[in-house]
Amino acid sequence: MATEAPDTPELLARFGPLRSYQSGSRLDTALDPDKLVKTHCCFCGQQCGIQLKVKDNQVIGFEPWMDHPFNKGMLCPKGVRRYLQGSHHDRLTSAYVRDPSSPEGFRAVAYDEAIRRTASEIQRIQSKYGPDAFALLGGASMTTEKCYLIGKFARVCLKTKHIDYNGRLCMVSAAAGNKKAFGIDRAGNPMSDIPAADVVWIGGANVAECAPITTSYVWQARASGAKIINVDPRITPLARTADLVLPIKPGRDAALYAGVLHLMIENDWLDHEFIRNHTVGFEAVAAYVKDWTPRRTAEVTGIAEKAIRQAAEWWGTARTSFLMHARGMEQHSHGVINVLGSINIVLASGRIGRTGCGYSTITGQGNGQGGREHGQKADQLPGARDIENPQHRQEIAAFWGVPESELPRAGVDCYELFRKVETGEVRGLMSWSFNPFVSLPDSGFIKRMLEKLEFFACIDFFLSETARFADVVLPGSQHEEDEGVVCSTEGRVIKINPAVDPPGDAMQDWTILQDIARSLGRERGFTFTSAREIFDEMCQASAGGVADYSGLTYEKVEARQGVFWPCPAVGPDGQPVDHPGTPRLFEPGSWNPVAKGAGPFYFPDGKARFNLAPYEPPTEDTDAEYPVILTTGRTVNMFLSGNQTRRIGPLVDQYPEPLLELHPILAKKHGISDGDWVTTESRRGTLTVRCQVVTTIRPDTVFVPYHWGGLKSVNRVTIAAQDPISKIPEYKVCAVRIRKAEEPEYARRLEPQQ
């Protein structure tokens, strides 16, 4: 049974395999490499092309990939330094099992012993409590082949419905909104369409820090005379160069878009022909926004009425336009509503499906798009099929060779899985490249649930904060140690090429999964000998689905430097076709398997849907007891839970600790100066970190990045409220109070490690 893991400071001070967060290997990049491997960055959803320099089975540096069509050799600080993690001394090179008698809490064991232990615990739990008592949590930074196989493993090998992935914390509100409006979950346009736009609207996206290379496309648009509108409670780096900043009060995005649409209708800034011929539902939405006058919109959003009018005019009268958004308007208990509100102003303009006219969601995780397309998400099957759709179930059950009745139904989201641990419905858990103890809100609850599990196995290449609760730790593979594809933020399927072999007993994750299936005696369907074999099966399984990969091969993806899906193997006439891929969705006259020529959108009638997007306040608003809004986000040098980037020395040097940003007005009110320690307290917990007094944030809001664990984790105080449709947590707004504090004990007792 899982036992309590000590708090982070003690682990940092004494735990064996995790020697240091703050040192990264600094390799001699002057060495002549044995080879140069074209692949992609392991971090965000841009998936920039990069060439890794390899010598003696070790990545020693990189060279720019100048002709890659997305980033053209450019890289952000994470991309430049990403090669340093490969040789880090924290790398897991053997399996571990929990051993309370060991000073470190774990002892190394043979790989086969760890596999047998994991399989036996799965067998025990499922025999005693039923198949659904064992759950799986996958990652969204792994190859799509791994994600496909994890979904198949859950439903065919373990026959459990309880599987989800950490993309649940990222893009699911965008995915749900896109499906409701367009019938498909994918960015509508490539980023190369941005420079042709007259207006670029950026909603809740810190582009310069979270998707830095995308910034270059926005700058190209600006250089051509485009107006840049940025919606964010913080004046982020890109916003400082914008033509108009709308400093929205967190959680009020739906109100803003209702107000903009109100003005578009009032001034007849509408494409009536497009609305009439290519959409349904406009009348109901128009009736709803009638009451969203500029004055009311300003009162709710905290944005000046004049600015709202200016934004609406620029957007409404533009010849071409591009709207993109990210987590700032998605990670809310009404995130889907926010997304639908933004799509409504795009549809009302009619500017979509053409060069310079589009809509895109910005993917945060490395394979956040591909990670859900082929069955790792709780409610999806390969090809982005719906697991509750009878036809979709029949198609995949037949392909996998199992009775449809034995295919599990939809499971629950990753946070709900932990609630099911609390009730006893879930007794065992296995996770891949997911750090929920740091990533999920109200982390005190997650800690208690990890301790309650009867068995927990973790597959990763570094020992994360979550892995320290595990009974078995299996050493997985890094990005450059395996082959496969991922899907970028644009919908471009690209190839990851192996550069080095996994060290020691570390294995490709798909090999680990198959070894567990074999140990269970359930290896049928899990005997692949290469990632290519998994890819080929996945592409066949996707045929006929919305996310159709059936026309892809590794060779085609590499030759074309990425191919946008859908890319079917069969054309509308039923004949084989060498499909070029679909860079831009919804183009006039385009064909898709859902509309079958009726129109460009992925509904049977080919028309897009306007959706009512009624404003709702945040689940937890401010009051006299907790009068300040807390919002969270990223920094340019860190990635997700920091399990990788906090081990890369130069990135740590750039932003070593989480800082609380607050406005001078708020700082003066509480007697706080720049650099002071500040305690932030919510109804769930407290966080004490140093502050940074800035003028680039709303006076009623504070901001803390979320890349740290333990006593530095902002998710100690965040709220576990979720969107009712997407189930994404509300990271972007909760009520807190702040006060000046003394240096905390953890800072005094933990000396910096060299």
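Numbers for residues simply follow the sequence, beginning at 1.
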Query raised in the report: Does a side-chain heavy-atom distance below 4.5 Å link D268 with H272?
Result: yes
Requested in this report: Under the side chain to side chain contact (heavy atoms under 4.5 Å, CB included) rule, collect the residues that match up with T696, sequence neighbours excluded.
Outcome: I235, R240, V694
Query raised in the report: R295 and E299: salt bridge (Lys or Arg N to Asp or Glu O under 4.0 Å), yes or no, with the steps?
Result: CA-CA 6 Å; R295 175 174 293 183; E299 289 172 351; 5.2 Å; no
Report task. Indicate yes or no for a side-chain donor-acceptor contact from Q46 to the backbone of I213 under 3.5 Å, with no hydrogens or angles considered. Result -> yes
Query raised in the report: Quick one: does E730's side chain have a donor or acceptor within less than 3.5 Å of a partner on S333's backbone?
Result: yes
**Report entry** Pairing residues for S141 by the side chain to side chain contact (heavy atoms under 4.5 Å, CB included) criterion, not counting sequence neighbours
**Finding:** Q365, F639, L640
Requested in this report: Please tell me if the side chains of S682 and T718 come closer than 4.5 Å, counting only heavy atoms from C-beta onward.
Outcome: no
Query raised in the report: Is H334 reaching over with its side chain to a backbone N or O of E330, donor-acceptor style, under 3.5 angstrom?
Result: no
Query raised in the report: R698 and D700: salt bridge (Lys or Arg N to Asp or Glu O under 4.0 Å), yes or no, with the steps?
Result: CA-CA 5 Å; R698 288 179 57 93; D700 57 3; 2.9 Å; yes
Report task. Taking the side chain as every heavy atom from C-beta outward, state whether D548 and C567 have any pair of such atoms under 4.5 Å apart. Result -> no
For residues 203-210, which side-chain N or O atoms pair as donor and acceptor with protein atoms under 3.5 Å away, sequence neighbours left out?
from, atom 1, to, atom 2, distance (Å)
N206, ND2, E209, OE2, 3.0
E209, OE1, V636, N, 3.2

Query raised in the report: Passes side chain to side chain contact (heavy atoms under 4.5 Å, CB included), Q380 versus R385? Steps please.
Result: CA-CA 5 Å; Q380 285 190 188; R385 290 177 171 90; over 6 Å; no
Requested in this report: Could you tell me whether a side-chain N or O of S726 sits under 3.5 Å from a main-chain N or O of D723, the two making a donor and an acceptor?
Outcome: no
Report summary line: For G356 and T320 the tightest heavy-atom approach is O-CB, 3.4 Å
Query - C170 side, atom SG; Q331 side, atom CD - distance, nearest 0.5 Å - result: 7.0 Å
Query raised in the report: Do any pairs count as a ring-ring contact (aromatic ring centres under 6.0 Å, His included) and have a residue in residues 354-388, sequence neighbours left out, and if so which ones?
Result: F182-Y359, H325-Y359, H374-Y549
Requested in this report: Please step through side-chain hydrogen bond (donor to acceptor under 3.5 Å, both in side chains) for the pair Y415 and R168, ending with a clear verdict.
Outcome: CA-CA 9 Å; Y415 205 94; R168 178 69 63 181; over 6 Å; no
Query - S173 and N338: CA distance, side-chain angles, deciding distance, side-chain hydrogen bond (donor to acceptor under 3.5 Å, both in side chains) verdict - result: CA-CA 9 Å; S173 287; N338 292 341; over 6 Å; no
Query raised in the report: Does anything in residues 213-247 pair up under ring-ring contact (aromatic ring centres under 6.0 Å, His included), and if so which pairs, sequence neighbours excluded?
Result: F70-Y217
Report summary line: Applied to residues 232-269, the ring-ring contact (aromatic ring centres under 6.0 Å, His included) test, sequence neighbours excluded, yields W201-Y257
**Report entry** With sequence neighbours excluded, residues passing salt bridge (charged side-chain N to carboxylate O under 4.0 Å, His left out) with R319
**Finding:** D198
Query raised in the report: Distance under 6.0 Å and angle within 45° of the ring axis: does R252 meet both against Y615?
Result: no
**Report entry** Test side chain to side chain donor-acceptor pair (under 3.5 Å) applied to K227 - qualifying residues, sequence neighbours left out
**Finding:** none
**Report entry** Steps toward side chain to side chain contact (heavy atoms under 4.5 Å, CB included) verdict (F282, I265)
**Finding:** CA-CA 11 Å; F282 176 73; I265 295 170; 4.0 Å; yes
Query raised in the report: Under 3.5 Å, is there a donor-acceptor pair between the side chain of R155 and the main chain of G375?
Result: yes
Query raised in the report: Heavy atoms, side chains only, cut-off 4.5 Å: are L137 and D164 in contact?
Result: yes
Report task. Give the intermediate values and the outcome of side chain to side chain contact (heavy atoms under 4.5 Å, CB included) for residues Y731 and L440. Result -> CA-CA 9 Å; Y731 292 107; L440 288 175; 4.1 Å; yes
Requested in this report: Only counting residues at least two apart or in another chain, list the ones meeting side chain to side chain contact (heavy atoms under 4.5 Å, CB included) with P69.
Outcome: R492, Q561
Query - I202 side chain reached by V200 side chain, heavy atoms, under 4.5 Å - result: yes
**Report entry** Nearest non-hydrogen partners of P617 and D621, listed with the distance
**Finding:** CB-OD2, 4.3 Å
Query raised in the report: What's the verdict on salt bridge (Lys or Arg N to Asp or Glu O under 4.0 Å) for D253 and K249, showing C-alpha distance, side-chain angles and the deciding distance?
Result: CA-CA 8 Å; D253 301 83; K249 192 173 182 180; over 6 Å; no
Report task. With sequence neighbours left out, write down each residue that passes side chain to side chain donor-acceptor pair (under 3.5 Å) with R419, or none if nothing qualifies. Result -> E416, Q722
**Report entry** Pairs satisfying side-chain hydrogen bond (donor to acceptor under 3.5 Å, both in side chains), at least one member in residues 180-196, at least two apart
**Finding:** D185-R372, N189-D193, D193-R584
Query raised in the report: For D243, which residues count as a salt bridge (charged side-chain N to carboxylate O under 4.0 Å, His left out) partner, sequence neighbours excluded?
Result: none
Query raised in the report: If you look at every heavy atom in F564 and P190, which pair is closest and at what distance?
Result: CZ-CB, 4.0 Å
Query raised in the report: Can you check whether A543's main-chain N or O pairs, donor with acceptor, with S550's side chain at less than 3.5 Å?
Result: no
Report task. Begin with the C-alpha distance, continue with both residues' side-chain angles, and end with the deciding distance and a verdict on side chain to side chain contact (heavy atoms under 4.5 Å, CB included) for Q220 and I194. Result -> CA-CA 8 Å; Q220 290 173 53; I194 295 174; over 6 Å; no
Query raised in the report: Is there a donor-acceptor pair under 3.5 Å between the side chain of E620 and the backbone N or O of I719?
Result: no
Report summary line: Nearest heavy-atom approach of A307 to L244 is O-CD2, 3.7 Å
Query raised in the report: Would a distance-only check, ignoring hydrogens and angles, find a side-chain to backbone donor-acceptor pair under 3.5 Å from R609 to K607?
Result: yes
Query - pair D386-L381: side-chain heavy atoms closer than 4.5 Å - result: no
Requested in this report: Applying side-chain hydrogen bond (donor to acceptor under 3.5 Å, both in side chains), run through Q47 and S488 and close with a yes or a no.
Outcome: CA-CA 6 Å; Q47 288 295 283; S488 77; over 6 Å; no
Requested in this report: Decide, yes or no, whether a salt bridge links E587 with R354 under the criterion of side-chain N to carboxylate O below 4.0 Å.
Outcome: no
Query raised in the report: If only atom types and distance count, is the side chain of Q376 paired as donor or acceptor with the main-chain N or O of E373 below 3.5 Å?
Result: no
Requested in this report: Scan F586, F610, W591 and name whichever one has a ring pair (Phe, Tyr, Trp, His ring centres under 6.0 Å) with F601.
Outcome: F586
Query raised in the report: Are any of the side-chain heavy atoms of N178 and I184 separated by less than 4.5 Å?
Result: no
Requested in this report: Might you confirm whether atom CZ of R409 has over 12 heavy atoms from other residues, nucleotides or ligands at distances under 6.0 Å?
Outcome: yes
Query raised in the report: Got L256 and I248 here, is their nearest side-chain heavy-atom distance under 4.5 Å?
Result: yes
